[in-house]
Amino acid sequence: MAKFLTSREENYSQWYNDLVIKADLAENSAVRGCMVIKPYGYAIWERIQAELDRKFKATGHVNAYFPLFIPKSFFSREAAHVEGFAKECAVVTHYRLMKDPNGKGVIVDPDAKLEEELIVRPTSETIIWNTYKDWIHSYRDLPLLINQWANVVRWEMRTRLFLRTAEFLWQEGHTAHATREEALEETNKIIDLYADFATNFMAIPVIKGYKSVSERFAGAEDTYAIEALMQDGKALQAGTSHFLGQNFAKAFDVQFTNREGKLDYVWATSWGVSTRLMGALIMAHGDDNGLLIPPRLAPIHVVIIPIYKGNDQLDKISEIAVDLKLKLENAGLNVKYDNRDTHKPGFKFADYELKGVPVRLAIGPRDADEGTVEVARRDTLTKETVSRDNIVGHVTALMDEIQNNMLRKATEFRDKSTYYVETWEEFRDVIENKGGFVMAHWDGTPETEEVIKNETKATIRIIPFDSPAENGRCVRTGRPSERRVLFARSY
RNA sequence: CGGGGUAUAGCGCAGUCCGGUUAGCGCAUCUGGUUUGGGACCAGAGGGUCGCAGGUUCGAAUCCUGCUACCCCGACCA
């Protein structure tokens with residue numbers, strides 16, 4: 001386990017911030033609570049986008065774009081929704097600046113006050129449903145399966161790089177259906193899609209389940225989520241899929257004529273994942289040497305580093321390296337040949353480890369003579385010398401092995417850190433001293449949930465779909481319970 | 001918004017208590033040379049409105065007042 005987790009003195013947050021900055025992913029911007037995503041970090045985001053986009057399109061979804069600004073009045077249409085987001089909205093009140101008549105600089109022109117304030121979207125349900133009203137008239141217009149890639153702003157009191165920034169990038173799907181069943185099916189389909197993506201693409205095992213009423217999305221009838229466990233024992237909500245019922249259809253008066261010729265409100269879902277996934281990547285896989293990026297996600301699969309003395313050797317090694325690069329690229333890998341003369345090999349080794357590149361190939365004069373190449377794995381930090389003749393097969397096989405190994409390791413950690421507890425003492429002990437997931441009985445009331453939260457800072461992360469029926473007693477109140485739910489402290 | 005901390009070169013910091021030459025150090029940068037199988041070394045060079053605005057003083061990074069930003073811990077949240 002990484003040092004930063006075994007030493008209580010280590011400041012986890014500081015480590016996290018440092019790692020992100022050193023690995024060249026992001027930095028704090030000049031704007032409160034926002035971040036600059038640097039090119040390498042953005043390359044990872046683009047990989048996430050590409051894979052999700054592929055999955056969305058394969059399930060019949062299409063992309064569209066809706067405005068950044070939402071008229072304030074839209075927000076008050078759905079009561080629970082406004083309640084949930086009102087406290088964290090950035091509001092545009094003016095549209096013009098002017099020179100300060102009393103001095104230097106500029107001031108907001110008081111004459112440029114907007115009739116109605118505009119909200120910078122914290123999520124797009126309202127403006128999208130206001131638009132859907134004009135798009136949906138008949139059952140023939142349904143289902144409407146639209147996704148948007150966008151930025152949103154939530155004026156959080158406390159921010160943290162990637163996990164909670166004031167502005168973040170995400171995708172939000174907003175679908176409309178003719179029946180309740182169809183909308184529920186969509187909600188399920190998407191949470192499965194997210195779970196598959198997290199598990200098999202990002203190598204982050206997740207638990208699927210329902211959110212408790214108090215953790216539910218503002219305006220939803222039900223919220224499904226995937227919950228991941230970070231290496232420091234805290235849970236991270238990695239994606240959500242909401243069944244919105246007819247709430248937004250009623251709020252925005254979106255009715256359609258069904259097959260029977262009768263008017264009905266449409267059924268809705270919305271769902272999203274964000275740049276927070278990159279926080280999950282860092283915290284689920286990172287070690288003391290930096291990031292580990294699973295091969296399927298990695299923007300660079302293989303880096304080739306030459307080791308040489310003088311230009312003669314470099315030329316000779318470059319010839320081998322360029323040939324190798326081409327062969328690997330033909331096998332579908334993204335390969336970087338770092339022949340910079342400005343850094344020594346040792347520096348490059350450390351740098352690509354920090355960036356989490358899955359496989360590193362080093363070629364020196366010895367390898368040039370012997371027809372070999374040194375292969376180093378980022379996940380195990382092991383090195384071996386391999387003949388160049390079968391390097392392509394070796395490396396492609398390694399990609400699968402590293403991907404599987406990372407998922408296996410994360411899953412083992414998750415399972416090892418999941419505790420089944422029966423008593424309040426055990427519960428407190430795990431939450432306070434061990435960290436991780438706690439599977440415990442709960443009497444089903446928001447009141448008890450609140451008490452537990454106040455006393456331990458642990459919340460119900462999820463009511464797992466696959467939690468079996470099991471009679472037990474609530475860990476806090478002793479009242480009867482029919483299934484275990486998952487508690488944890490969370491980000 | 002409450003509690004604590006910080007603000008000095010691109011980054012990390014010392015100097016502030018106890019005001020006094022030209023504001024230092026490490027890393028990074030640049031130049032030259034030697035290096036290159038795990039974060040190179042030597043020599044030299046450049047880089048500062050000391051967070052902002054006032055005040056005290058012959059003199060302020062240092063003292064006083066106000067403000068702002070950031071970090072950590074809470075409350076809130078994806």
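The sequence lines fix the lettering, A, B, ..., with proteins before strands; numbering per chain opens at 1.
Pair assignment for rU49(B): none, as no Watson-Crick or G-U wobble contacts are both less than 3.5 Å. Look at rA14(B): it lacks any Watson-Crick or wobble partner with both distances under 3.5 angstrom. When both distances must be under 3.5 Å, the Watson-Crick or G-U wobble mate of rU68(B) is rA7(B). Nucleotide rG74(B) forms a pair with rC1(B), judged by Watson-Crick or G-U wobble geometry with both contacts under 3.5 Å. The nucleotide rA43(B) finds its pairing partner in rU31(B), both defining distances of the Watson-Crick or G-U wobble pair being shorter than 3.5 Å. A 3.5 Å limit on both hydrogen-bonding distances identifies no Watson-Crick or G-U partner for rG37(B).
Residue Ile363(A) contributes atom CD1, which lies 17 Å from atom C1' of rG38(B) at whole-angstrom precision. Summarising the geometry, the separation between CG on Leu161(A) and C1' on rC70(B) is reported as 13 Å, rounded to the nearest angstrom. Here rG39(B) presents its P atom at 16 Å from CG of Asp338(A), a figure rounded to the nearest Å. In this structure, CZ of Phe347(A) is placed 12 Å from C1' of rG38(B), rounded to the nearest angstrom. The nearest whole Å value for the distance from the CG atom in Asn311(A) to the C1' atom in rU35(B) is 14 Å. Rounded to an integer number of Å, the gap from Glu455(A) CD to rA75(B) P is 14 Å. The interatomic distance linking Ile21(A) (CD1) with rC27(B) (P) rounds to 21 Å, in whole Å.
Residue Lys316(A) is tested with Asp369(A), Asp367(A), Asp323(A) for a salt bridge (Lys or Arg N to Asp or Glu O under 4.0 Å); the sole match is Asp369(A). Each of Val303(A), Ile305(A), Asn339(A) was evaluated against Lys348(A); a single residue qualifies, Ile305(A), per the side-chain contact (heavy atoms from CB on, under 4.5 Å) test.
Within 4.0 Å (heavy atoms only), Arg340(A) reaches no atom of the nucleic acid at all. Among the atoms of the strands shown, base atoms are found under 4.0 Å from some heavy atom of Phe168(A). Residue Pro365(A) is classed as a base contact, given a heavy-atom separation below 4.0 Å to a base. Looking at heavy-atom distances under 4.0 Å, Ser274(A) makes contact with a base. Counting non-hydrogen atoms under 4.0 angstrom, Glu172(A) reaches nothing in the nucleic acid. Across all strands, Ser490(A) comes closer than 4.0 Å to no nucleic acid atom at all (heavy-atom distances). Contact annotation for Gln237(A): backbone-only contact, meaning every heavy-atom pair under 4.0 Å involves sugar-phosphate atoms and none involves a base.
A donor-acceptor contact under 3.5 Å links the side chain of Lys383(A) to the base of rG38(B). Within 3.5 Å, no donor on the side chain of Glu374(A) pairs with an acceptor on the base of rG38(B), nor the reverse.
Rounded to whole Å, the P atom of rC27(B) lies 16 Å from the corresponding atom of rG39(B). When the C1' atom is compared between rC50(B) and rC63(B), the two are found 16 Å apart, to the nearest whole Å. Rounded to the nearest Å, the gap between the P atom of rA23(B) and that of rA40(B) is 34 Å.
In this structure, Trp271(A) has its ring center under 6.0 Å from that of Phe56(A). For Tyr210(A) and Tyr224(A), the gap between ring centers is short of 6.0 Å.
When the nucleotides rG37(B), rG38(B), rU36(B) are ranked by their closest atom to the side chain of Ala362(A), rG37(B) comes out on top.
Donor-acceptor pairing under 3.5 Å is lacking for the side chains of His174(A) and Ser270(A).
For the OP1/OP2 pair of rC1(B) and a distance below 4.0 Å, the side-chain nitrogens and oxygens of Lys87(A) include no atom meeting the criterion. Close to rU36(B), at under 4.0 Å from its OP1 or OP2, lies a side-chain N or O of Lys309(A). Residue Lys457(A) places at least one side-chain N or O closer than 4.0 Å to OP1 or OP2 of rG74(B).
Both tests hold for Arg360(A) against Phe349(A): distance to the six-membered ring centre under 6.0 Å, angle to the ring axis within 45°.
Along RNA chain B, the nucleotide closest to Leu163(A) and the one closest to Ala376(A) are compared, and the more 5′ of them pairs with Ala376(A). Both Glu88(A) and Pro345(A) sit near RNA chain B, but only Pro345(A) has its closest nucleotide nearer the 5' end.
Residues Phe252(A) and Thr126(A) are in side-chain contact: their nearest non-hydrogen atoms beyond the backbone lie under 4.5 Å apart.
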